[in-house]
Amino acid sequence: QVQLVESGGGLVQAGGSLRLSCGAAGLTFSVHGTCWFRQAPGKEREFVAAISWSGDSTYYADSVKGRFAISRDNAKNTVYLQMNNLKPEDTAVYYCAADLLGHGSGTGTAYHYWGQGTQVTVSS
């Protein structure tokens, strides 16, 4: 059974940093494209960042370019989202999602496996 588990969320002041982690059981990230999505209260889920299964390509939403970085450690079977210069509008529940041999799609329906999410709150 596949399980994705996000961690690293919390409360941070604007301008601060957090690093989210997505660990997996029953799934190997080195053959899965992985994406971070987020959903704020009352808003639709939105794409944040993605990394292709090969690890060669990364993609970012315009709103986080230059501030967030997605990476993967195959030895630890973990995907990370480093978030710097956080803004109050980054407040949301962040989810990781994975798709076998995925190329880093920003569309949620492309992903078969999802985590439960981790809350990120940025205070002004």
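Contact annotation: the side chain of Val93 never approaches that of Thr118 to less than 4.5 Å [non-hydrogen atoms, C-beta and beyond]. With contacts defined as side-chain heavy-atom distances shorter than 4.5 Å, the pair Leu81/Phe68 qualifies. At a threshold of 4.5 Å between non-hydrogen side-chain atoms, the residues Gln3 and Leu27 do not count as touching. The side-chain heavy atoms of Thr121 and Val12, taken from C-beta on, include no pair separated by under 4.5 Å. Annotation: side chain of Cys22 is in contact with side chain of Trp36 (closest heavy-atom distance under 4.5 Å).
Here the straight-line distance linking atom OG of Ser21 with atom NZ of Lys76 works out to 9.0 Å at 0.5 Å rounding. Within the model, atoms CD1 of Ile51 and SG of Cys35 stand 11.0 Å from one another, a figure rounded to the nearest 0.5 Å. How far CG of Leu101 is from OG of Ser52: 10.5 Å, rounded to the nearest 0.5 Å. From Leu100, atom CG reaches atom OG1 of Thr28 across 10.0 Å, with rounding to the nearest 0.5 Å. Between the CE atom in Met83 and the CG atom in Asp90 there is a gap of 7.0 Å [rounded to 0.5 Å]. Note: His103 NE2 to Asp56 CG = 11.0 Å, rounded to the nearest 0.5 Å.
Both Val122 and Val64 sit in one connected hydrophobic cluster of ILVMFWY residues. Membership requires side-chain heavy atoms under 4.5 Å apart, directly or through other members. The hydrophobic clustering, which links ILVMFWY residues whose side-chain heavy atoms are closer than 4.5 Å, places Leu18 and Tyr95 apart. Under a hydrophobic clustering in which Ile, Leu, Val, Met, Phe, Trp and Tyr are joined whenever their side-chain heavy atoms come within less than 4.5 Å, directly or via other members, Val31 and Val79 fall into different clusters.
Side-chain atoms of Thr107 and Thr109 form no donor-acceptor pair, as typed in the model, at a separation below 3.5 Å.
Residues meeting the side-chain contact (heavy atoms from CB on, under 4.5 Å) test with Ser63, sequence neighbours left out: Arg38, Ala61. Taking the salt bridge (charged side-chain N to carboxylate O under 4.0 Å, His left out) definition, one finds that Arg19 meets it with nothing, sequence neighbours left out.
The shortest heavy-atom contact between Gln82 and Ser17 is NE2-CB, 4.0 Å. The two atoms that bring Arg45 and Trp114 nearest to each other are NH1-CH2, 3.4 Å, heavy atoms only. Contact record, Tyr60 with Ala49: CD2-CB, 3.6 Å, taken as the closest heavy-atom pair. In terms of heavy atoms, Phe29 sits closest to Thr34 at CD2-OG1, 3.3 Å. Residue Ala40 comes nearest to Thr91 through the heavy atom pair CB-O, 3.6 Å, listed as atom of the first residue, atom of the second, then distance. Contact between Ala24 and Asn77 at its shortest, heavy atoms only, is O-ND2, 3.6 Å.
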side-chain contact (heavy atoms from CB on, under 4.5 Å) between Asp73 and Tyr80, worked out
CA-CA 8 Å; Asp73 185 332; Tyr80 302 99; 3.8 Å; yes
Asp62 and Lys65: CA distance, side-chain angles, deciding distance, salt bridge (Lys or Arg N to Asp or Glu O under 4.0 Å) verdict
CA-CA 5 Å; Asp62 288 343; Lys65 276 181 184 176; 3.3 Å; yes
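Judged by distance alone, the side chain of Glu6 and the main-chain N or O of Cys96 form a donor-acceptor pair under 3.5 Å.
Taking the six-membered ring where the residue is Trp, Phe47 and Phe37 present perpendicular rings, their angle passing 60° and hence far from 30°.
Other residues, nucleotides and ligands place no more than 12 heavy atoms under 6.0 Å from the CD atom of Gln116.
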